[in-house]
Amino acid sequence: MATNRTFTMIKPDAVQENHIGGILSMIEAGGFRIVELQKINLSAERAGQFYAVHAERPFYNDLVKYMSSGPIVAAILEKDNAVADFRALIGATNPANAEEGTIRKKYAKSIEANAVHGSDSDENAQIEGDFFFGNK
Ligand SMILES: Nc1ncnc2c1ncn2[C@@H]1O[C@H](COP(=O)(O)OP(=O)(O)OP(=O)(O)O)[C@@H](O)[C@H]1O
């Protein structure tokens, strides 16, 4: 399994507000190579599958609704130490806690509409990348 890859999504609020280019620029400036890239609409069913790990959380239904509310951009990124470095680049889940210079500090609107997703482990990076791009 590749340990130098991670998976990201640009979430519906950021796509809707024309921040695809700004976010991809920050990703590339952060030293990541874009390996795969796709703009798509997630059905509620697919969004629910992607976030199945959160099925018992109180925000799950809203999260599924939000993630299927408009197009998203899915991407596989490559860099040494990709998972940890990308989590650092995106910043805290709640933008109120995100540090200056992070993607969420610049683009996130709320703890839910927080502009981007980043995988939290090598294992999940592989699973999530496969969810969108098959077994590459
Ligand atoms: N308390 C909350 N209220 C509303 N939405 C939330 C809340 N906590 C998390 N979320 C939403 O669910 C997503 C997944 O939550 P998780 O705890 O895995 O955060 P994360 O790992 O920082 O985010 P992601 O998995 O999207 O990178 C968050 O990115 C956010 O969109």
Side-chain angles (χ1 to χ4, degrees):
M1 182 190 300
T3 57
N4 59 346
R5 288 189 174 192
T6 192
F7 171 80
T8 186
M9 286 186 289
I10 302 176
K11 297 186 179 183
D13 59 300
V15 172
Q16 172 66 28
E17 291 177 20
N18 289 340
H19 295 318
I20 295 174
I23 290 172
L24 291 180
S25 291
M26 285 183 77
I27 289 171
E28 290 189 324
F32 294 85
R33 199 169 69 84
I34 297 168
V35 178
E36 300 282 353
L37 188 68
Q38 184 185 33
K39 183 181 178 191
I40 60 161
N41 286 281
L42 281 178
S43 65
E45 190 184 355
R46 287 276 286 165
Q49 286 167 2
F50 185 87
Y51 280 114
V53 59
H54 292 313
E56 303 306 319
R57 307 279 283 276
F59 57 81
Y60 176 72
N61 286 340
D62 285 343
L63 179 60
V64 168
K65 207 181 293 177
Y66 159 62
M67 288 302 296
S68 55
S69 66
I72 59 109
V73 173
I76 294 175
L77 308 176
E78 198 167 74
K79 181 184 184 298
D80 287 347
N81 201 34
V83 167
D85 285 2
F86 192 68
R87 299 284 291 185
L89 178 64
I90 66 179
T93 306
N94 185 344
N97 302 326
E99 287 183 33
E100 283 298 336
T102 63
I103 293 174
R104 282 173 170 160
K105 177 73 180 181
K106 185 161 184 187
Y107 293 114
K109 296 199 298 199
S110 69
I111 191 169
E112 178 180 75
N114 60 3
V116 282
H117 163 79
S119 302
D120 62 6
S121 66
D122 286 343
E123 186 189 4
N124 283 335
Q126 180 80 40
I127 291 168
E128 292 168 1
D130 288 349
F131 186 89
F132 285 91
F133 297 104
N135 232 341
K136 290 182 179 171

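What you see is a predicted model, and the numbers here were worked out from it, not measured in a lab.
In this pair, F50 and F7 present their aromatic rings tilted. The plane angle is within the 30 to 60° band.
Of the inter-residue distances, the one linking D122 atom CG with R5 atom CZ reads 12.0 Å to the nearest 0.5 angstrom. Atom NZ of K105 and atom CG of N97 lie 9.5 Å apart (nearest 0.5 Å).
Taking all atoms of both residues into account, the shortest heavy-atom contact from K39 to V15 is CE-CG1, 4.0 Å. Closest approach of F132 and Q38 over heavy atoms only: O-OE1, 3.7 Å. The minimum heavy-atom distance linking S119 with A125 is given by the pair OG-CA, 3.3 Å. Of all heavy-atom pairs between A14 and I23, the closest is CB-CD1, 3.8 Å.
V73 places a side-chain heavy atom less than 4.5 Å from the side chain of L37. I34 has its side chain within reach of L77: a pair of non-hydrogen atoms, C-beta onward, lies under 4.5 Å apart. Looking only at side-chain heavy atoms (C-beta outward), S69 and P12 come within less than 4.5 Å of each other.
A donor-acceptor pair is defined here as one N or O able to donate and one able to accept, closer than 3.5 Å; such a pair exists between the side chain of S68 and the backbone of V64. Using a distance-only test at 3.5 Å, with no hydrogens or angles considered, a donor-acceptor pair links the side chain of T8 to the main chain of H117. At distances below 3.5 Å, at least one donor-acceptor pair connects side-chain atoms of R104 with backbone N or O atoms of V116.
Ring to ring, Y107 and H19 are close: their centroids are under 6.0 angstrom apart.
Taking the ring pair (Phe, Tyr, Trp, His ring centres under 6.0 Å) definition, one finds that F32 meets it with F86, sequence neighbours left out.
Side-chain contact annotation: N114 with K11, donor-acceptor N/O pair under 3.5 Å present.
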